[in-house]
Amino acid sequence: MRAIRGLWHWRHNPLRRATDLAEAWVALVTLVLITVAAPVIGSLVGSAAQDSLQRSVREQQHSRHLVMATVVRRLRGAMPEPDPDTGAAHDIRSRVVADWTAPDGTRQHGPVLAGLKSPHQGDRFRLWTDGHGRITTRPLDAPTATTHAVLAGFGAALLTAGLVDSGRRLIVWRMVRRRYARWDQAWDRAGPDWGKAGTGS
């Protein structure tokens, strides 16, 4: 809003100073950059993030597999934990010892987190693994990747706008400081004769 108000210095006014005109130019450039450059940069960043994230989606969906595991026994003393992949507090997981077969056919055995509230021996549950049966997280899905890309683009646009406006504020601040310094110099020159009778005669 201050950048827009700075455009009022364009008005014809006999008291308009050179610094007022310079401030108006700074406001105009700032407004153009915020309305044009920020969306363009946001779009470019969002597009690049989308390409990278969708590539990750394809790679993860190709390299990660959903296999069936069988509970051997529950690990006592381990409190149920929320599923870190979903972020849902109600998606409770329990630590168990389980058996499963990897996509390459090898048998696997070890402690895992099972999506079961009260696991018992022989219960079956799904488990994400890589091609060799090592436990991994579920693959990133396309809608989530798109959401992250949109947020990245929006954040880049906001950051650009903030940096541009910060630059404008810094420039205007320095211009005002110089203006005050010139006023101080003018007052110093006028000070010795200020208030004396016949000054300027």
Side-chain angles (χ1 to χ4, degrees), residues 1 30 33-170:
M1 293 301 296
T30 300
L33 288 176
I34 288 177
T35 57
V36 176
V40 169
I41 290 175
S43 177
L44 292 175
V45 170
S47 178
Q50 173 76 341
D51 291 343
S52 176
L53 288 170
Q54 292 300 334
R55 193 178 314 115
S56 295
V57 167
R58 291 190 295 270
E59 291 173 356
Q60 290 183 15
Q61 289 180 346
H62 177 73
S63 63
R64 299 181 184 187
H65 308 274
L66 197 58
V67 300
M68 293 302 297
T70 304
V71 175
V72 175
R73 62 183 173 86
R74 182 173 184 173
L75 289 176
R76 296 297 177 185
M79 295 296 292
E81 301 176 7
D83 183 358
D85 301 326
T86 63
H90 63 273
D91 190 359
I92 300 299
R93 291 191 154 193
S94 303
R95 287 184 57 83
V96 301
V97 175
D99 292 325
W100 66 96
T101 302
D104 63 3
T106 58
R107 295 269 184 180
Q108 302 290 333
H109 175 87
V112 298
L113 285 174
L116 303 169
K117 277 190 175 181
S118 300
H120 298 90
Q121 184 178 5
D123 288 347
R124 293 174 63 80
F125 61 96
R126 294 183 298 178
L127 186 67
W128 285 103
T129 71
D130 63 12
H132 302 291
R134 291 186 291 265
I135 300 169
T136 185
T137 57
R138 70 185 62 190
L140 183 66
D141 58 83
T144 301
T146 299
T147 300
H148 290 326
V150 169
L151 290 175
F154 187 67
L158 285 180
L159 179 61
T160 301
L163 289 175
V164 168
D165 189 58
S166 296
R168 179 197 67 81
R169 289 171 183 266
L170 178 62

Euclidean distance, [Y] [atom2] relative to [X] [atom1], rounded to 0.5 Å:
X	Y	atom1	atom2	value
L116	R74	CG	CZ	9.5 Å
R58	L53	CZ	CG	10.5 Å
D104	T129	CG	OG1	8.5 Å
M68	F125	CE	CZ	8.5 Å
T160	I41	OG1	CD1	4.0 Å
W100	H65	CH2	NE2	15.0 Å

With a 4.5 Å heavy-atom cut-off, do L113 and R95 have their side chains touching?
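When only atoms from C-beta onward are counted, R95 and L113 do touch, with a gap below 4.5 Å.
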Determine whether R73 and L75 make a side-chain contact, defined as any pair of heavy atoms from C-beta on separated by less than 4.5 Å.
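The answer is yes; the side chains approach within 4.5 Å.
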Determine the minimum heavy-atom distance between [X] and [Y], stating which atoms define it.
X	Y	value
G131	A102	O-CB, 4.3 Å
V72	H109	CG2-CE1, 4.1 Å
A161	A38	N-CB, 4.2 Å
I135	P111	CD1-O, 4.0 Å
A145	Q50	O-OE1, 3.9 Å
I34	P39	O-CD, 3.4 Å

Using a 3.5 Å distance criterion without hydrogens, assess whether the side chain of [X] forms a donor-acceptor pair with backbone atoms of [Y].
X	Y	result
S166	G162	yes
T147	P143	yes
H120	S118	yes

Can you tell me if Q121 and T70 form a side-chain donor-acceptor pair at under 3.5 Å?
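Per modelled atom types, Q121 and T70 side chains form no pair under 3.5 Å.
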Just checking, is any N or O donor in the side chain of R64 or T137 under 3.5 Å from an acceptor N or O on the other one?
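Result is yes, a qualifying pair exists.
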Please name the residue in the list L140, D141, T146 that meets the side-chain contact (heavy atoms from CB on, under 4.5 Å) test with V57.
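Exactly one pass, corresponding to L140.
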Audit row: R107, T101, side-chain contact (heavy atoms from CB on, under 4.5 Å) steps and yes/no
CA-CA 5 Å; R107 295 269 184 180; T101 302; 3.7 Å; yes
Less than 4.0 angstrom from a charged side-chain N to a carboxylate O is my criterion; do D165 and R169 meet it?
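Looking at R169 together with D165, the answer is yes, because their closest N to O distance falls below 4.0 Å.
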